Amino acid sequence: MNPGSQRTPRWLRRCLIVVLGLVCVHCASTERPREASRPRAAEAVSQSPALPRRVLRVRVYADADHRAQVLHWERAFAAGLQRASEAVREPLRVTFELESARAWDRRGSEGPLEPMLGALEALDAGEDVDLVVGLVSAPPAFSESQHELGFARVLGRHCVLRALNATVQGEARRHLEVSALLHEWAHTLGALHVREPRGWMSSKYGAAWTGFDARTLALLDAGLRHLPRARVELEPQRAWARELKTVLDTLRGPAWEGPERDFLLAWTERVRSASVVLGPEGTPRALTPEERQRLAEVIEQEKAGRPEVAAEALEPLAVRHPQDERVQLLACYLAVHLTPALAATQERCERAIARFPGEPSLRMNVALLHLHAGRFDAAQDSLLAARRNLEARADSEPALWADLAGLFLRAHCLTWAEEAAARAPGLAASATVLEQATRMRRQVALPARPDASTGTRTPSASMPQMEPAREGALVREVFDIEALLHAGSSGPARERITALAQAFPQSPSVALVQCELHLLKGRLAPARAACERVLAAREDAVQAHLLLGVLATNTRAHARARAHLERVIALEPSRTEAWHLLAREYRGTKQLGALKVRYREQFARDLP
């Protein structure tokens, strides 16, 4: 039994609730003219079809302190529930039925009741019953204030009740037990506190208070018509919200103004405009304990390398909880890794982004879809959006930065990959990205990344700088041209080189592919000149050294060939073609034996 301010959102919890001018259906005869002067609430009840008789199932938990204080607590609660049934059987055609009485493994009932209510909700979502009650110990001294005796989740299905102090005995005790239970149960259906006339919804308990007033009966009637389906299905919830608002609209005047009514009206508006079922606080329904367990099992399945099983088990949760961020993130991730080519996969992830625009991992998954499909520009846009999401977070996990770096590298955006990796120092994934980005820069003759301490680029300060936004396009085009040349398609390659030179006229990468084309066509002098231009801009351009080594080998310029091929091996020992060419150059010399030893140390096998 708590003031409505404790049932509303947190920003209202310090407000003082004052509700005036209500009329009781059980008033004395001297007050009946006042009741007649307010016909609208009575009409709200009488105009609704009579409710069918309903049995409401109740599950009760008693914590260790309550069990220590109340002898035969199960029997005592069952008796109180029967008395509550007798009190509401006629006006509301409702009977309470005890589904089960269970021990609650918790102690410590001092302090406010709201945290205890949260613990009860976490323990048992209660979706198979109409009401879940938690029983805790009695306060040190008896209080008539309802919020000291109980606390309910407005529009929910849970409430917590304190045991009664030993000073309350006999009929007074039985009356208070019924009043407390019905007060909190009524709150779960949307009932507000009532100041006048006195009754079960009064904010203070009174031994003479009985019954619900006409307006409260109308609110309860609205809930009973649509529950329990209105808590789990969208259309029944919308119907409940419409009827609840109709009753609230009759509550006009200063007596009804306040946070309780405002909260209920706001909830009805959210429900009427929502596309998913909302919980009591006006936010999407949370996972039940059983669903949280199922989600944990899904995560374990994925970690165990069974993504198909995980995706199948997750799908019902994904459909039922479109506003649960963790569920939708996992659903997008699994779909991307299992069915990246399906349009439905991208649609699912895009919907999740619309709901959770600040979540970087969703945009990274969409970027991965674009990379799978070869949509590099779209992937780059998604990755930049993910980077903005991460930068906006004060506590972004380093692993997310490392993941972003890896995706930037796959999109060939080298500078952005290196910058992201630098945000996750010490991680193996970051070190791998930095190493691979350095190799790729040497391979296509891009400028080196800035030195972390000086901000300068090495090895050539005169080398033209490349805008990070254009790097990906340049690197991909170089790789595509090289693929055409290796396939013998020199005509298409020549056209692509011409276009590349127009787009990047100052880039050594253009000279690199020109060198390869000239070499393929047997134009040795132009090939040598082009590759030397590359090395003038970037001495460690490994591909240029390899091409010049091949050219020198073919022209029997042995010293020059050996120098270039040794440089290739020094820069990238994994380039086996350089080892094989160098072996031909060292044939018949003492250096061949030493080369074989070095090869065996590098590859753990003999040089062919």
Side-chain angles (χ1 to χ4, degrees), residues 4 7-9 12 44-45 47-52 54-59 92-94 117-118 120-122 124-132 152-159 184-192 215-251 259-292 316-325 327-328 351 354-356:
R7 306 164 189 281
T8 52
L12 293 175
V45 178
Q47 288 174 356
S48 299
L51 287 167
R54 275 189 63 186
V55 175
L56 302 183
R57 289 157 52 82
V58 180
R59 182 178 298 141
L92 290 169
R93 301 172 68 83
V94 162
L117 178 67
L120 181 65
E121 291 171 319
D124 186 347
E127 291 199 338
D128 57 333
V129 294
D130 299 284
L131 182 66
V132 181
R153 182 68 67 201
V154 174
L155 305 177
R157 67 170 92 226
H158 294 74
C159 70
E184 300 306 330
W185 167 70
H187 274 310
T188 67
L189 298 182
L192 291 75
R215 291 167 175 80
T216 298
L217 285 172
L219 291 169
L220 299 178
D221 180 87
L224 290 170
R225 287 184 192 287
H226 302 290
L227 293 172
R229 292 178 60 203
R231 289 197 175 105
V232 295
E233 297 180 30
L234 184 57
E235 287 309 318
Q237 188 174 80
R238 285 175 175 169
W240 181 23
R242 287 193 296 269
E243 191 167 339
L244 188 60
K245 186 177 188 304
T246 298
V247 179
L248 291 169
D249 285 342
T250 70
L251 310 181
E260 284 186 297
R261 182 174 181 272
D262 292 345
F263 169 74
L264 291 171
L265 285 171
W267 184 85
T268 63
E269 289 302 318
R270 290 192 188 101
V271 168
R272 292 165 69 189
S273 61
S275 59
V276 295
V277 176
L278 301 187
E281 301 300 329
T283 56
R285 290 181 66 247
L287 298 180
T288 66
E290 294 81 5
E291 289 172 329
R292 289 197 294 271
L317 291 180
V319 172
R320 192 174 187 186
H321 294 280
Q323 296 289 348
D324 189 286
E325 185 170 351
V327 168
Q328 296 306 319
R351 284 196 304 271
R355 294 186 183 112
F356 315 109

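Everything numeric here is computed off the predicted structure, so don't read it as measured data.
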Determine whether Leu217 and Leu92 make a side-chain contact, defined as any pair of heavy atoms from C-beta on separated by less than 4.5 Å.
yes
Tightest non-hydrogen contact, residues Ala191 and Leu220, listed as CB-CD2, 4.3 Å
Under 4.5 Å between any side-chain heavy atoms of Trp240 and Val271, yes or no?
no
Could you verify whether a donor N or O on one side chain and an acceptor N or O on the other, from His226 and Gln237, lie under 3.5 Å apart?
no
Provide the closest heavy-atom pair for Leu251 versus Arg261 in the form atom of the first, atom of the second, distance.
O-NE, 3.2 Å
For the student: nearest non-hydrogen atoms of Arg54 and Leu227, plus distance:
NH1-O, 3.1 Å
Test your reading of the model: is there a side-chain donor-acceptor pair from His187 to the backbone of Gly156, 3.5 Å cut-off?
no
If you measure from NE2 on His158 to CD on Glu121, what distance do you get to the nearest 0.5 Å?
5.5 Å
To the nearest 0.5 Å, tell me how far Leu317 CG sits from Glu291 CD.
5.5 Å
What heavy-atom pair brings Thr268 and Leu265 nearest, and what distance separates the two atoms?
OG1-O, 2.7 Å
Just wondering, do Val154 and Leu264 contact through their side chains at under 4.5 Å, heavy atoms?
yes
Can you tell me if Gln328 and His321 form a side-chain donor-acceptor pair at under 3.5 Å?
no
Under 4.5 Å between any side-chain heavy atoms of Arg215 and Val247, yes or no?
no
Under the side-chain contact (heavy atoms from CB on, under 4.5 Å) criterion, do Leu244 and Leu219 qualify, and how do the steps go?
CA-CA 6 Å; Leu244 188 60; Leu219 291 169; 3.4 Å; yes
Quick one: SG on Cys159 to CG on Leu131, what's the gap to the nearest 0.5 Å?
5.0 Å
Donor-acceptor check, side chain of Arg355 to backbone of Asp324, threshold 3.5 angstrom: yes or no?
no
Between Trp267 and Ala241 (side chain of the first, backbone of the second, donor and acceptor by atom type, cut-off under 3.5 Å), is there such a pair?
no
Is there a side-chain contact between Val94 and Leu224 (heavy atoms, below 4.5 Å)?
yes
What's the shortest heavy-atom distance between Ala122 and Arg292, and which atoms?
O-NH2, 3.3 Å
Less than 4.0 angstrom from a charged side-chain N to a carboxylate O is my criterion; do Asp130 and Arg157 meet it?
no
Any side-chain heavy-atom pair from Arg272 and Glu269 closer than 4.5 angstrom?
yes
Report yes if some heavy atom in the side chain of Arg59 is under 4.5 Å from a heavy atom in the side chain of Asp128; otherwise report no.
yes
Check whether any side-chain heavy atom of Thr188 sits under 4.5 Å from a side-chain heavy atom of Leu155, and report yes or no.
no
